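Just so we're clear, the structure is a prediction, and the values are computed from it rather than from any experiment. In what follows, every heavy atom counts, from backbone to side chain, and hydrogens, waters and symmetry copies are set aside.
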Amino acid sequence: VQLQASGGGLVQAGGSLRLSCAASGRTFSIYNMGWFRQASGKEREFVATISSSGGAINYADSVKGRFTISRDNAKNTAYLQMNSLKPEDTAVYYCAARAGIFYTSESYYDYWGQGTQVTVSS
């Protein structure tokens, strides 16, 4: 499966952005999807994951209550709605996919998009 992330940009603190991850190739609905981010000089970290059916979702504590992950299997797209953005949310955001068991750890994800930059100004 090929993944294309989009929707990043520059936003003021308190603002919102919606990231999209469009998938092509194999059947999207078999894949668990995840969003991860990497700030400059830091390790990549887990943000949110959603199971193939959408029935299971996990969030990092740092984004819980502000971010919402979702998917539309008919459109082969996963989303990350980000509200109440903070400067510490500034990072390159990556979407990723894996088939099989639902995990939150990035090490289990096999397919990665190219990343989209999110910058939150104070």
Side-chain angles (χ1 to χ4, degrees):
V1 64
Q2 292 81 43
L3 304 175
Q4 179 77 35
S6 62
L10 173 63
V11 64
Q12 288 189 331
S16 298
L17 283 173
R18 187 174 84 154
L19 306 183
S20 298
C21 178
S24 60
R26 299 188 63 183
T27 306
F28 177 70
S29 61
I30 71 171
Y31 291 98
N32 305 302
M33 299 297 296
W35 287 96
F36 301 85
R37 67 187 181 186
Q38 186 167 22
S40 179
K42 295 188 176 182
E43 298 278 321
R44 189 157 57 189
E45 64 177 6
F46 156 72
V47 175
T49 52
I50 185 168
S51 63
S52 57
S53 67
I57 289 174
N58 286 305
Y59 295 101
D61 288 343
S62 59
V63 306
K64 205 169 290 184
R66 300 187 297 122
F67 291 11
T68 302
I69 190 172
S70 62
R71 64 189 298 155
D72 185 337
N73 286 347
K75 295 183 177 179
N76 290 354
T77 304
Y79 304 96
L80 185 69
Q81 177 67 44
M82 305 185 296
N83 298 329
S84 302
L85 281 161
K86 304 175 181 180
E88 51 263 43
D89 294 317
T90 295
V92 177
Y93 284 71
Y94 298 90
C95 62
R98 69 162 274 121
I101 298 173
F102 179 49
Y103 289 112
T104 58
S105 172
E106 66 169 277
S107 61
Y108 291 100
Y109 282 76
D110 304 304
Y111 305 97
W112 290 82
Q114 85 290 0
T116 185
Q117 176 71 46
V118 172
T119 303
V120 185
S121 63
S122 57

* Asked: Side chains of Q114 and Q4: closer than 4.5 Å at any heavy-atom pair?
  -> yes
* Asked: Do you know the tightest heavy-atom contact between A22 and T77?
  -> CA-OG1, 4.1 Å
* Not counting sequence neighbours, list each pair that qualifies as a disulfide (SG to SG under 2.5 Å) and has a residue in residues 78-122. => C21-C95
* Working to the nearest 0.5 Å, report the span between CG of N73 and OG of S52. => 7.5 Å
* Asked: With sequence neighbours left out, which residue pairs that include part of residues 32-78 fulfil the disulfide (SG to SG under 2.5 Å) condition?
  -> none
* **Closest non-hydrogen atom pair between L80 and A48, with its separation** => CD1-CB, 4.3 Å
* Asked: Do you know which two heavy atoms are closest between F46 and Y59, and how far apart they sit?
  -> CE2-C, 3.5 Å
* Counterpart residues, side chain to side chain contact (heavy atoms under 4.5 Å, CB included), relative to S62 (two or more places apart) -> R37, A60
* CG-CD distance between L10 and Q117, expressed to the nearest 0.5 angstrom -> 9.5 Å
* To do: Check the hydrophobic clustering (I, L, V, M, F, W, Y; side-chain heavy atoms under 4.5 Å; chains of links allowed) and say if Y109 and V92 are grouped together.
  => yes
* To do: Determine, for K64 against D61, whether the closest basic-nitrogen to carboxylate-oxygen distance falls under 4.0 angstrom.
  => yes
* Q12 side chain reached by L85 side chain, heavy atoms, under 4.5 Å -> no
* Considering only heavy atoms from C-beta outward, does the side chain of Y108 approach that of N32 to under 4.5 Å? -> no
* Asked: Are I69 and L17 connected in a single hydrophobic cluster, I mean Ile/Leu/Val/Met/Phe/Trp/Tyr linked by side-chain heavy atoms less than 4.5 Å apart?
  -> yes
* Structure fact -> Quick note, salt bridge (Lys or Arg N to Asp or Glu O under 4.0 Å) partners involving residues 71-85, not counting sequence neighbours, are none
* To do: Decide yes or no for V118 and M82: does some side-chain heavy atom of the first lie under 4.5 Å from some side-chain heavy atom of the second?
  => yes
* Calculate, to the nearest 0.5 Å, the distance between atoms OG and CZ belonging to S16 and R18 respectively. => 12.0 Å
* **Over-ring placement of R44 relative to Y94, 6.0 Å and 45° cut-offs** => yes
* Going by atom types only, do S29 and T27 share a side-chain donor-acceptor pair under 3.5 Å? -> no
* **Path from I30 to I57 over hydrophobic side-chain contacts below 4.5 Å** => yes
* Asked: Between atom OG1 of T49 and atom CZ of F102, what is the distance when rounded to the nearest 0.5 Å?
  -> 3.5 Å
* Taking only residues two or more places apart in sequence, or in another chain, which ones meet A97 in a side chain to side chain contact (heavy atoms under 4.5 Å, CB included)? -> V1, L3, Y31, M33, Y111
* Asked: In terms of hydrophobic clusters joined by side-chain contacts under 4.5 Å, are V11 and F67 together?
  -> yes
* **Shortest non-hydrogen contact between W35 and L19, atoms and distance** => CH2-CB, 3.6 Å
* Just jot down the side chain to side chain contact (heavy atoms under 4.5 Å, CB included) partners of A13, sequence neighbours excluded, or say none. => P87, V120
